[in-house]
Every structure is written in C-alpha cells, then in structure tokens.
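One structure below.
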Amino acid sequence: MSSSALPGFRDFYPDELARRAHVFRAWRAVAHRYAFVEYDGPPLEPLDLYTKKSGDEIVGQLYNFTDKGKRDVALRPEMTPTFARMVAARANALRKPVRWFSIPQLFRYERAQRGRLREHFQLNVDIVGEESEVADAELLAVAIDIMRELGLTARDVRARVSDRRMLNGILLTLGVAEAQVPAVYGVMDKVARQPREASVAKLGEAGLAPALVERVLRLASGVTFAALQAEFGEAPAAREPIERVARYLDHLAALGVGDWVELDLSIVRGLAYYTGIVFELFDAKGELRAICGGGRYDTLLRAFGNADLPALGFGMGDVVLGELLTERGLWPADAQEPVDFHLVAGNGAGQRPYADALRLVAALRGAGFSVNHAMSGERYLSQATRNQVDGARKAGATSAIYFREDGAVEAVSLLGKMTGAATHSLPADAAIRGDQAVLDSLREWLHQQRDSAR
RNA sequence: GUGGCUGUAGCUCAGUCGGUUAGAGCAUCGGAUUGUGGUUCCGAGGGUCGCGGGUUCGAUUCCCGUCAGCCACCCCA
C-alpha cells in the first residue's frame, strides 16, 4: 500500500507482462500478415502538435510541462499527429500506399475508471495514399483478424460501420441544412447513451422540424443497408456514397469478415478529422467500451504540411481488449515461457566439484537451452531432492536435470501425470564439454516430451 | 472537473454492538532419515485495519477531512 503506481498507471508483474506480450504478439502477427511495417516516434512531443489541431481545451487532458530548454512539451495522448508529421515530412519519398503500424504507449490526464486509464498501449494501423474503399475494407479486416487471432468470434465482437459522406448525403436529402449537420452528428453519436427526449430537444434546438427529428432518430436507431439503398439510392446527394458503401461491404465479405460487420449510422466518431468511412469494434454484449475505432481522414495530412494525401487508420487499446479476453477466458494458460531445464542434486552430485554443476548449466545454455538452478551450492547439496524437483516444477521448468551416481547426467520430464516419468541420460563429461551430438539428443528428447504433453 | 459506493496480509475475504497480543484460505519461505512429482503433514515470515484529525479512559470499529479504487456523468484514445 505504501508504494504503488500513480493513479491510472499500471505495474506489469510477470504474469501481466506475459498477457501484454500475448496481445502484442497477436497485433504484430496480424499486422505483418497484412504486410504492414512497424514504426515508432518520440513519446514526448511539442505541445503545439496537439493544440494546433484540437485547440487549447485539450491541454486539460495532457501530461504537459515546460522542459529545461523552456520548450512546452507533452506526453503523446494519441499517435496520429506524430504519424501525420512523420509521413508529411517524407511524403514525396515514401512509396505509396504507405502501410505502417505502431504500438505506442499513450498518456492522458483524466479520471481513471474501468477500461480507461491514464496510460495505455494502443495499436495504430494506418494507410496513406489510397483513395479506394478497398483500403477501408483492408483496414477493418486487419482489426477483425486480430480478434480472430486472439480467439474471439463474430458472436463476441461486432464491427459497426458508417460513412460520413453517406450520412451527410442522406441528411441533405431529408432536408437538413448544411449548417445543422454538425449538431445532428452530435446527437446521433449519443443516441444510444442519452434519453430520447434529450435527443429530440437538441435536434429541435438545432432548428429541425418535428417530422424531420423523427426521421433522423429512426435512422440513428438502426436501419439496414438495404433499406437505405431503397430509400436514398437514387437521391443525387446520396447516390454516390451509397454505392461506395455497397462496394465496401462487398469487399469486406470477399476478405472473409462480412459476418462481423453491420451498418450503424450512429457511429460518427468523436474526432473531428474523420471524413469518410468510419467504424468501431464493440463487444457483442455491449458491456465494455469500444475495443477499437477508426476511419478515413483524407484532409489531415494537409494540415501537417504540404502533403495532400488520402489516409485512413484505426487505434486499438490494450485495456478494453484485455478485459474482454478476461471475460471470455481467452488468456493462454501458461503465461510464462517455460524454462527448459532446472538443475537439481542427484546421487552423483556429491562426487563432483560444485563447479561441474555450473559447467553443466553453462554447457546447456551454450547449446541454446534455458536453464535455472539454485544459485547456492549449500542448498543444492543439502535440500531434499524431492523439494528441489518440486521447486523446479513450480518454477516452470520442463525438465529437471541432475548427476547420477554412475557418471551420467539424467534429465527427467516434469510434464504429464505419469508416475513413470520419461528420462534421458547422457555421459556427464561429454555434456559438460558441450559435445554437440550429446546435446542434440537431449534437444530431441525435450521436444518429444513437449509434443507428447500436448 | 461533478456526484454515489467502497477501503482489514501479495490475493480472496472473516472479525471487532468501541475493550488484552486482529484471523482464515491461497501464495511465499523452511522442514518431514537426500532419486520422481501436482497430494499430505509440521513450522515460519508477512498488517501503524488507506492516511490525517475529532469524540472517548480507550478507535481498526463512531464522526469529519483527505487519498485511492469502483460506478455514473463529462470527454474521448
């Protein structure tokens, strides 16, 4: 209690770090499968990188300070400005389309609660230089495939998609004035989280006629894409974006993730910079915060320099995702990477100098095995073998290894429940010498033990 | 930033209608005549009962404040 991490910050004990690594592994594996390459930027950035686009009110949620060189700086609260700056700086030199991903730790000074801390790790996946909606489909497919990689199914997680251009066209067709659109977005974004009367009141304040209010709320509370097509497919303002979304949904189906996706016009995304297709991933039970969110932001790179390139991306945090994996029991059982061998004392231990035990350990490590031992010659020779073997098993070793009376070294498997555990013996002197053939036979035996334990 | 609920061992929790030295399980460490197991048994360490103040002969227990956690707003990554 006396010493703990700052509020909203986490200590990662080995089991927790193993879980984090499990998520990172899935992120990297899938990103690589989709031919994205990893990059990173500085965790500390000039303050105005964030205030320039979002205004000064964001400073209240930043970890910012003045450094010893009198620069106003901030811990990064999101990756997109860094990414945009990096791409813009070399926009002409980069081969397009750019497919980059990163796993930054992000910081935000806010009241911490479930699913939201003051620090988290967030996978960022971005594509720059591709206008086609195929890129949008590719991007969402990455996010969904990560769910699969972690053992989640379309029954656990849903992808909700929308398109700001399409929504805009539909609203204009319905008779919403251009100036009222932002207010309508704000209401639609909150329609599931605030009482209906509040939505009605806000739309009324924005100047919408009661009949129009009803239409807008019906759109926000669930319509099929087929219904939208039937109603607005021929409207001049909506026709083109609707066709684009139709192609997008077809691409998603062809990429094998169609089952996960549904249209939801209330997905607006809070950030002002999205310009086209947007999406979020939610747990299907609706108990947790969004797992992931992203979309197209075609005008953002222009704001960070002379790069006028279409772009799209998403962010996926480790916190909500971790909670979902916990709820579904999807963490791997063996969190820690098992150690190959644990040296214990055998009947032959006393016949040899203690240094031989260390030489054996070194020879095994030299052959690439991971090896643990007691780090005390006294305990090695005095502690009951039974306790040593027990300790080796608890420490996560696959096999115990010891000197036998007859001059051999023997390994005994700690896997499985059989009373007659598998053993493998090898000449001690050759093993200590690091004899390749002898150690290769040990490696083969170890692999057999692991395979048969599965 | 606003409001509500909750703080006892590393973890999960008992308990004290205010009264001697605050308990259990799990975990950790040592051991059970030193070569084969996830069992069992014995033993040990570990707590200013979140922190500060008040009431009281006496506070872990009641009251106030504060900090932290959870939840709902706010906001969103």
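Note: hydrogens, waters and symmetry copies are ignored here, and every other heavy atom, side chains too, is used. Predicted model only: the values in this text are computed from it and were never measured. We name chains A, B, ... by the order of the sequence lines, and we start the count at 1 in each one.
- Of all the heavy atoms in A/Ala88 and A/Ala307, the pair that sits closest is CA-CB, 3.9 Å.
- Heavy-atom minimum distance, A/Ala311 versus A/Leu301: CB-CD1, 3.7 Å.
- The neighbour count for A/Phe24 CZ, taken as heavy atoms of other residues, nucleotides or ligands under 6.0 Å away, is above 12.
- A straight line from CG of A/Leu6 to P of B/C67 spans 15 Å, rounded to a whole angstrom.
- In this structure, A/Asp15 atom CG and B/G10 atom P are separated by 17 Å, rounded to whole Å.
- Nucleic acid contact for A/Val412: base, since at least one base atom lies under 4.0 Å from a heavy atom of the residue.
- Rounding to whole angstrom units, CD of residue A/Gln388 and C1' of B/G30 are separated by 14 Å.
- Nearest nucleotide to the A/Asn387 side chain, out of B/G69, B/U28, B/G31: B/G31.
- Across all strands shown, A/Gly313 has no heavy atoms under 4.0 Å from either base or sugar-phosphate atoms.
- The nucleotide whose nearest atom lies closest to any side-chain atom of A/Thr385 is, among B/G30, B/G38, B/G35, B/G35.
- As a whole-Å value, the separation of A/Arg118 CZ from B/C75 C1' is 14 Å.
- The aromatic rings of A/Phe9 and A/Tyr63 sit perpendicular to each other, their planes meeting at more than 60°, with 30° as the lower class boundary.
- Counting to the nearest Å, the C1' atom of B/C75 and the CG atom of A/Leu106 are 16 Å from each other.
- Taking a pair as Watson-Crick or G-U wobble with both distances under 3.5 Å, the runs of three or more consecutive pairs in RNA chain B are B:1-7 with B:67-73, B:10-13 with B:23-26, B:28-32 with B:40-44, B:50-54 with B:62-66.
- Note on A/Phe121: nothing from the nucleic acid sits closer than 4.0 angstrom, heavy atoms only.
- Applying the 3.5 Å distance criterion, the base of B/C75 shares a donor-acceptor pair with the side chain of A/Arg116.
- A sub-4.0 Å separation between OP1 or OP2 of B/G31 and a side-chain N or O of A/Gln383 is present.
- A/Phe369 carries A/Arg443 over the face of its six-membered ring, with the cationic atom under 6.0 Å from the centre and within 45° of the normal.
- Across all strands shown, A/Leu117 has heavy atoms under 4.0 Å from base atoms, whether or not it also approaches the sugar-phosphate.
- Within the nucleic acid shown, A/Ala112 comes within 4.0 Å of sugar-phosphate atoms alone, with no base atom in reach, counting heavy atoms only.
- With rounding to whole Å, A/Phe282 atom CZ is found 12 Å from B/C76 atom C1'.
- Across B/A14 and B/U8, the matching P atoms stand 10 Å from one another, rounded to whole Å.
- Nearest heavy-atom pair across A/Ala397 and A/Phe341 is CB-C, 4.3 Å.
- Between the P atoms of B/C70 and B/C64, the separation comes to 24 Å (whole Å).
- Atom name P, nucleotides B/C49 and B/A59: the rounded distance is 12 Å, in whole Å.
- Spacing between B/G18 and B/C62 at atom C1', rounded to whole Å, works out to 8 Å.
- Mapping A/His120 and A/Lys394 onto RNA chain B by nearest heavy atom places A/Lys394 closer to the 5' end of the strand.
- Nearest nucleotide to the side chain of A/Lys190, out of B/U2, B/G30, B/C75: B/C75.
- Of the C1' atoms belonging to B/G7 and B/G47, the separation is 14 Å, rounded to the nearest Å.
- Between the P atoms of B/G50 and B/A9, the separation comes to 8 Å (whole Å).
- Figure legend: A/Arg99 and A/Phe36 shown as a cation-pi pair, the cationic atom lying under 6.0 angstrom from the six-membered ring centre and within 45 degrees of its axis.
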Distance-only donor-acceptor pairs under 3.5 Å for side chains of residues 314-327 of chain A, two or more places apart:
unit_1   : atom_1 : unit_2   : atom_2 : d
A/Asp318 : OD1    : A/Phe121 : N      : 2.9
A/Asp318 : OD2    : A/Arg10  : NH1    : 3.0
A/Asp318 : OD2    : A/Arg10  : NH2    : 3.1
A/Glu323 : OE2    : A/Gly115 : N      : 3.1
A/Thr326 : OG1    : A/Gly322 : O      : 3.0
A/Thr326 : OG1    : A/Trp331 : NE1    : 2.9
A/Glu327 : OE2    : A/Arg114 : NH2    : 3.3

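- Here B/A68 is the nucleotide among B/G35, B/G38, B/A68 with the atom lying nearest to any side-chain atom of A/Pro7.
- RNA chain B is contacted by both A/Tyr109 and A/Gly315; A/Tyr109 maps to the nucleotide lying nearer its 5′ end (nearest heavy atom per residue).
- Here B/U34 presents its P atom at 16 Å from CG of A/Asp390, a figure rounded to the nearest Å.
- Between the side chain of A/Asn347 and the base of B/G35 there is at least one donor-acceptor pair of N/O atoms closer than 3.5 Å.
- Between A/Tyr248 and A/Val261 the shortest side-chain heavy-atom distance does not fall below 4.5 Å.
- Nucleotides B/G69 and B/C57 are separated by 36 Å at their C1' atoms, to the nearest Å.
- For the P atoms, the distance linking B/U60 with B/U48 amounts to 13 Å, nearest Å.
- Distance CD (A/Glu110) to C1' (B/G1): 11 Å, rounded to an integer number of Å.
- Considering A/Leu152, A/Thr153, A/Asp156, A/Val257 in turn, A/Leu152 is the only one that fulfils the side-chain contact (heavy atoms from CB on, under 4.5 Å) rule with A/Met147.
- You'll find that the side chain of A/Arg108 is closest to B/C76, out of B/C70, B/C76, B/A68.
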